[in-house]
J.: 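Before we start, here is the structure in question, set down as structure tokens.
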Protein chains: 2
Amino acid sequence: MIPRHPHRTEDCRAVSDILQRVGDKWTVLVVGKLGDGSMRFNELRHAIGGISQKMLTTTVRGLERDGFVTRTVFPTIPPRVEYELTDLGRELLVPVYALGEWARLNQRRVAEARMKFDAAVE
Amino acid sequence: MIPRHPHRTEDCRAVSDILQRVGDKWTVLVVGKLGDGSMRFNELRHAIGGISQKMLTTTVRGLERDGFVTRTVFPTIPPRVEYELTDLGRELLVPVYALGEWARLNQRRVAEARMKFDAAVE
DNA sequence: AGCGCGAGTATCCAATGGATACCAGTTTTC
DNA sequence: GAAAACTGGTATCCATTGGATACTCGCGCT
């Protein structure tokens, strides 16, 4: 099944870093939505649903910082801000989707294990 | 209004869930180490390095709960507790390694984007 | 004058992350 | 014979983060 990798701790750290980067509550949702094309702030907000302004701001700012999205301000009245994935962002989507696919397929197994464990602890 | 997005939000949530599950500071390190074979508590602790007892306990307990590792207690003196990946855990490693590989290859690009951003904000 | 829009800050409180100290039983060391 | 150390853990505490709510700012509408 699994090719046996040499597990260098430093490499694991890199994995850990990127996973932490991407592993918060909103990041993948934002990146996923932006995968469909560029979006404005509130458009994104409504598309995701349940995210507060502050969290969306922090999330997109972080993604911009790491080079995953671009932020373009049109100085119109009222202001208009477009967010779009960069090439790096789109490339990131590939492994993220692979993990997502795994998650989708194995959701049930995890849920079952969890129920079993919680029942045993009781 | 009808969402025009091919990315169903519920699927993105599943991705987000599993990423949050796996996206904390220690989980991938633990799973990565266990990828080499079963390990005892302190063995794991030293192999990882820098993790506190409490965090290792919480991490492995969480992984056990979700069915990614098994925990076997040998009632010897002194006690001996072995942790080992389940099939589910080993399967999870596949997409996680894919993401890890991406992370390893693109570390530099992210770091550069970050430096550029920080310099611009300044 | 007052309201609302768009894209944010500012403020505050709750939840979490994580370091440190402590527990229990046995064996080793001084 | 007392102290320490090994095993795998809790318990406690504080700093950081997550996130809801309220406010800002420039403007156009009524």
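Here is how names work: the chains are called A, B, and so on, in the same order as the sequence lines, proteins then strands, and each is numbered from 1. All values derive from a computational prediction rather than experimental measurement.
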J.: What contact category does R45(B) fall into here, base, sugar-phosphate, or nothing, at under 4.0 angstrom with non-hydrogen atoms?
T.: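 Nothing, no nucleic acid heavy atom in range.
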
J.: Among all residues two or more places apart in sequence or in another chain, which pass the side-chain contact (heavy atoms from CB on, under 4.5 Å) test with N106(A)?
T.: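 Once residues adjacent in sequence are excluded, the partners of N106(A) under the side-chain contact (heavy atoms from CB on, under 4.5 Å) criterion are W102(A), R109(A), L88(B), E91(B).
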
J.: What is the separation between atom CD1 on I48(A) and atom P on dG19(D), rounded to the nearest whole Å?
T.: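 Result: 13 Å.
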
J.: Do L34(B) and Y83(B) have side-chain heavy atoms sitting under 4.5 Å apart?
T.: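 A side-chain contact exists here, since the closest heavy-atom pair is under 4.5 Å.
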
J.: Which residue pairs pass the side chain to side chain donor-acceptor pair (under 3.5 Å) test when at least one of the two sits in residues 50-59 of chain B, sequence neighbours left out?
T.: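 Non-adjacent pairs meeting side chain to side chain donor-acceptor pair (under 3.5 Å): zero.
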
J.: Please name all residues satisfying salt bridge (charged side-chain N to carboxylate O under 4.0 Å, His left out) with E82(B), sequence neighbours left out, ordered by chain then number.
T.: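 Salt bridge (charged side-chain N to carboxylate O under 4.0 Å, His left out) check on E82(B) returns R80(B).
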
J.: According to side chain to side chain donor-acceptor pair (under 3.5 Å), who are the partners of R45(A), at least two apart in sequence or on a separate chain?
T.: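 R45(A) satisfies side chain to side chain donor-acceptor pair (under 3.5 Å) with no other residue.
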
J.: Let me know, please, whether I77(B) or P79(A) comes out on the 5' side of the other along DNA chain C by nearest nucleotide.
T.: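 The 5'-side residue here is P79(A).
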
J.: Between P on dG6(C) and CD on E82(A), what's the gap in Å once rounded to a whole number?
T.: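 The answer, rounded to whole Å, is 13 Å.
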
J.: Rounding to an integer number of Å, can you tell me how far M39(A) CE sits from dA7(C) P?
T.: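 Nearest whole value for this atom pair: 13 Å.
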
J.: Check the phosphate of dA7(C) against R40(A), side-chain N and O only, distance under 4.0 Å to OP1 or OP2. Yes or no?
T.: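 For dA7(C), OP1 or OP2 has a side-chain N or O of R40(A) closer than 4.0 Å.
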
J.: Can you build the contact string for nucleotides 9-24 of chain C? Use B for base contact, S for sugar-phosphate-only contact, and - for no protein heavy atom under 4.0 Å.
T.: BBB------BBB----

J.: Would you please name every residue forming a salt bridge (charged side-chain N to carboxylate O under 4.0 Å, His left out) with D24(B), sequence neighbours left out?
T.: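 Result, salt bridge (charged side-chain N to carboxylate O under 4.0 Å, His left out) vs D24(B): none returned.
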
J.: Atom CZ of F41(B) to atom P of dT7(D): distance rounded to whole Å?
T.: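 In whole Å, dT7(D) P and F41(B) CZ are 11 Å from each other.
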
J.: For R65(B), give me all partners under side chain to side chain donor-acceptor pair (under 3.5 Å), at least two apart in sequence or on another chain.
T.: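 If we apply the side chain to side chain donor-acceptor pair (under 3.5 Å) test to R65(B), skipping adjacent residues, the hits are D118(A).
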
J.: Would you please name every residue forming a side chain to side chain donor-acceptor pair (under 3.5 Å) with R40(A), sequence neighbours left out?
T.: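 Side chain to side chain donor-acceptor pair (under 3.5 Å) check on R40(A) returns nothing, list empty.
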
J.: Could I get the full list of side-chain contact (heavy atoms from CB on, under 4.5 Å) partners for R90(A), not counting sequence neighbours?
T.: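 R90(A): side-chain contact (heavy atoms from CB on, under 4.5 Å) contacts with L85(A), D87(A).
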
J.: Could you check whether Y83(A) gets within reach of a base, just the sugar-phosphate, or nothing at all, counting any heavy atom under 4.0 Å?
T.: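 Answer is sugar-phosphate: Y83(A) comes under 4.0 Å of backbone atoms only.
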
J.: Which atom pairs link the protein and nucleotides 2-6 of chain D when you take only N or O atoms and keep those under 3.5 Å?
T.:
none

J.: Do the non-hydrogen side-chain atoms of F117(B) and R61(A) ever get within less than 4.5 Å of each other?
T.: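 Yes, close enough: below the 4.5 Å cut-off.
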
J.: How long is the line joining NE2 of H46(A) and C1' of dA7(C), in whole Å?
T.: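 Interatomic distance, NE2 of H46(A) to C1' of dA7(C): 13 Å.
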
J.: End-to-end bend of the helix from dA1(C)-dT30(D) to dC30(C)-dG1(D) (five-pair axes, 10° rounding)?
T.: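 Here the helix ends are tilted 40° relative to one another.
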
J.: Which residues pass the salt bridge (charged side-chain N to carboxylate O under 4.0 Å, His left out) test with R71(A), sequence neighbours left out?
T.: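 By the salt bridge (charged side-chain N to carboxylate O under 4.0 Å, His left out) rule, R71(A) matches no residue at all.
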
